[in-house]
Each structure stands twice: as C-alpha cells, then as structure tokens.
Amino acid sequence: MESTPGLSGFRRLGGELHCGEVPLEELARRYGTPLYVYDLALVGENVRRFRTAFSGVPFTLAYSVKANGNLSVLNRLASLGTGADIVSAGELHRCLQAGIRPRDIYFAGVGKRPEEVERALEAGIGAFHVESAHELEVLAKVAEEKDLRAPLAIRVNPDIHSPTFHEYTRTGHAASKFGVPASEALELYRRANEHEHLAVRGVDVHIGSQIMDPDPYMEAWRTVRGLLRLLRDEGMKLEYVDLGGGFGVGYRGEPGLDLDFLAEALVPQVQAEGLELILEPGRSVVGEAGVLVVQVLHVKRSGGTVFVVADGGMTELLRPSHYGGFHAVEPVVKRDHRPVEPVDLVGPICESGDFLARDRELAVPEPGELLAVRTAGAYGFSMASNYNARRRPAEVVVDGTRVHLARPRESYSDLVRGETLPDW
Ligand code: LLP
C-alpha cells in the first residue's frame, strides 16, 4: 500500500469536514455511524517527522500497536518500514499479518505468559523488554526448552515523575508496576549476560504517555546512560537504547511535543555512545490521523443541561470517561443559525459516566446531524468494547481520494460468536 499525493489530514472545504479529499459526510452515509476514519497519508507524515528529527543516529521507529492495531494502519506502517512495540501475542499476530518484520518487533509488558514468550521467540522478534527478575527466569527457561537464544533489554524504571494529563498514564515513577529499578537492573543484566540462552541487546525505558515536555526524556536518558556505562565496564556489548513512547499531541489544536527540540538534545548524546535509538510512539503517529464520526439521535434539556445524545459514546471512545480526556468536537457540516450553548455530548450507554464531551460550547445540532470527535486515532477503537451488547464500529482508511473499509461494523452474530449453551 503506497501513498498517493494529495491532501492529508482533516480540513474544512466549503463548510464540510474532509479526510484527505473525501467528505466525512459521504463516508458516514456509506458506512453508517459511529464510524472511525483514519488518514493514512497523515500517518505516513508523522512517521517521516520522527525520521527527520532523529536522522542523526541509526533510528528505529517501533510503533506502539496498542494505540491503533487496525491491520490497514499497520500495513501502511509496514510498507514504510517501521517496527513495532507490542504487549501481547495478539498484537504480535496483528503485526505479522500486516507484514511488519519480526526482527523489528519489541515485546514489552509486565505480564507475559510463557505461551506468548514462546510464540514471540519462534517468530524471531527483535527483543523482549523484560520487566522483572521472574520474567527473566521464564524467558531463559522457554529459550532453553526451544534451544534458542532470547534477545532482550531490561526495562528500567528511572523513578521519574513525568507530567501527564492523568495519573494512569504515568509509568516512570518508582511506585508504578512497570520496569525494574535501575539499582536492580544491573544484577539482572549480569544474570542475562551469563546465560547461554539469553542475549543482551539494549536498555529500555518508557516513562508515560501524552508528555508535552522534553525534559523527562532527557532525565530518563541520563539514568539509562549511567546504567549503560556500568554495563559496558563489565564488558557487555549493547546495541540500542529504547526510550519508549509518550510524545504528546495537541488535543486542543496546540502543537504537540517538539520532536526537533528533543532530538537536538538527545541525538548527539546517543551518537556519542555509539548506539541505535529506538522510540515507540503510538499516539503521536495515529492520534491526529483519526476521527470518530457520530450521529445525533436526540437533543434534550434536563436539570439545566443541554444533552446532545449521539449514537456513539464510551464504548467507542473511552478516553473522556476513563481519563477525563479532552477531544475537540465539531459539526461534520457547518450549518447556519445554530445557537452556541454549553452542552454535554453523551452516548446511549447506560452509565452516567458515558460522555464524549462535557460542558462544551457547541452549535446545538439537530437530530440526524453528524459530529466529528477529533484526535481519536489513538486509543479509540483499540479500547472500544461490546458493553451493552453494542457492535464495535466500522473503521475506514483514506489516502487522498482513495477509501477502504478496513473493518466492517460488527454484526449481531459477531456479538454471540463462539457462545454455546450447556448441554444439561
Ligand atoms: N511504549 C510502551 C512500553 C507503552 O506502555 C506505551 C503506552 C507506548 C510505548 C506508547 O505511548 P504513546 O506514544 O502512545 O503515548 N490509553 C491511554 C494511553 C495509555 C498508554 C499506554 N502505554 C490514553 O488513551 O491516553
């Protein structure tokens, strides 16, 4: 799947919101709502932004699949030659289906099952990012049984308080479940280095998600560099440093984390250590490249609040209710003479916490009109659920003028697939 030249991103042409060169209204009519629409051209541009910024060192972009694992998105990334950061054998399966090279796949996560380790080892992935002493033992055991050598890095917890929008997305502080304290990592590296079925390849760290400030990355780098030097003093050969993902995007239209600024500080340092740099962006590759289109079902006024009830809510996009995440909302087609009022945009799910936006100044729409929930390409569909027996939405990819239904809306039979009744 190669890119075609054309307009990328979401813009308003003649009052109508477009993805690339395709009006969203047309897509909603064709495929129904709620509907996810992704712009593959913009995904490609985001990859190029990283590559340009970090061109001064050998660089691998290991896209974080958890942000959006749609096969058409992954396949575009594969055609651009990116790698992947995965956290399950399911994500491995998606990557292999989409054509991502196994050697560019890195397997993180605090709870890898032996069966998952086995699959990834057999697939020949780039490295396991090990998050505990016991996981290292499991990895060694599986590798020994298979008579293979498991490539690895230890995920170091640098004990950094990275400012993110919600405590759930901070992972680099000592009290988080992720990684191994730097002081203990040294011992694990020693054990790994002595084991004939393990191969030490690098050092890994990931400090959180939606980080707008480059400083915490530099702080993490300094912890990693300290450890690297200790490891090298002991004769270990290291190939790469992986500084994780987490690069923030502008949910309110503001610029995201300044990659060039970060690269300017980081690249010379990584270069001086003679290492390959791996980064694992998810959100900053796909976030802005996606919207969720919903249709307004009803508008009702109750207890002083204007409720705009749409056909999509927390089952399609969990971020507002789970993290208080902000997503800009706009009409797909701008109409005149709509009063602007503060409204709650809510879904049909039977939970008071089911909303997409709260107390938002919006031109009050009429039933039947379409709304676009912006910056929904990351952690949108990938966190969608079937709660209330709702069918997960369709996903469409666009590139310039081209459109592809990447995943149809689930059917009612999908909802009960595999379920059986007891025979007693
Ligand atoms: N690497 C590792 C080890 C991670 O755990 C994550 C995200 C990433 C990379 C990618 O981070 P990103 O570049 O996308 O920020 N569901 C939350 C975000 C959870 C992030 C989990 N880990 C949200 O909707 O904001």
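As the structure lists them, so they are numbered: ligands from 1, and atoms in each ligand from 1. Quick note: numbers below take in every heavy atom, side chains included, and nothing from hydrogens, waters or symmetry partners.
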I need the atoms of ligand 1 closer than 4.0 Å to a non-hydrogen atom of [X], numbered in the order shown.
X	result
Pro281	13 (O)
Met383	16 (N)
Gly282	12 (P), 13 (O), 14 (O)

Ring centroid separation Phe128 to Tyr106 under 6.0 Å =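 Not under 6.0 Å, so no.
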Are Tyr251 and His327 an aromatic pair by the rule of ring centers under 6.0 Å?
->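 Yes; His327 has its ring centre under 6.0 Å from that of Tyr251.
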Polar contact flag, side-chain donor to acceptor under 3.5 angstrom, [X]-[Y]:
X	Y	value
Thr60	Glu276	yes
Tyr189	Glu234	no
Ser382	Asn68	no
Glu395	Tyr38	yes

Considering heavy atoms of the protein only, find what lies nearest to [atom] and give residue, atom and distance to 0.1 Å.
atom	answer
atom 22 (N) of ligand 1	Lys66 CD, 3.6 Å
atom 20 (C) of ligand 1	Tyr379 OH, 3.6 Å
atom 12 (P) of ligand 1	Gly246 N, 3.3 Å
atom 10 (C) of ligand 1	Ser64 OG, 3.3 Å
atom 17 (C) of ligand 1	Tyr323 OH, 3.1 Å
atom 24 (O) of ligand 1	Arg319 NE, 2.6 Å

Which one holds for [X] and ligand 1: side chain close, backbone close, both close, or neither close, with close meaning a heavy atom under 4.0 Å?
X	result
Phe178	neither
Glu280	both
Arg283	both
His322	neither

Under a heavy-atom criterion of less than 4.0 Å, does [X] contact ligand 1?
X	result
Ala378	no
His129	no
Arg155	yes

In terms of ring plane angle, is the pair Phe50 and Phe247 parallel, tilted or perpendicular, where the classes change at 30° and 60°?
->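 Correct class here is perpendicular.
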Can you find an N/O atom of [X] closer than 3.5 Å to an N/O atom of ligand 1?
X	answer
Ser209	yes
Gly244	no
Ser284	no
Ala67	no

Over-ring placement of Arg283 relative to Tyr379, 6.0 Å and 45° cut-offs =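 So Arg283 doesn't make the cation-pi contact.
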Kindly indicate whether a cation-pi arrangement holds for Lys112 with Phe107, taking the cut-offs as under 6.0 Å to the six-membered ring centre and within 45° of the axis.
->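 Yes.
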List the atom of Arg391, the atom of Glu410, and the distance in Å for their closest heavy-atom pair.
->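 So the minimum-distance heavy-atom pair works out to CD-O, 3.0 Å.
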With a 4.5 Å limit on heavy-atom distance, are the side chains of His404 and Val396 in contact?
->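 The answer is no; the side chains never approach within 4.5 Å.
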Ser64 vs Glu280, side-chain hydrogen bond (donor to acceptor under 3.5 Å, both in side chains): CA-CA, chis, key distance, verdict | CA-CA 5 Å; Ser64 194; Glu280 303 173 351; 5.7 Å; no
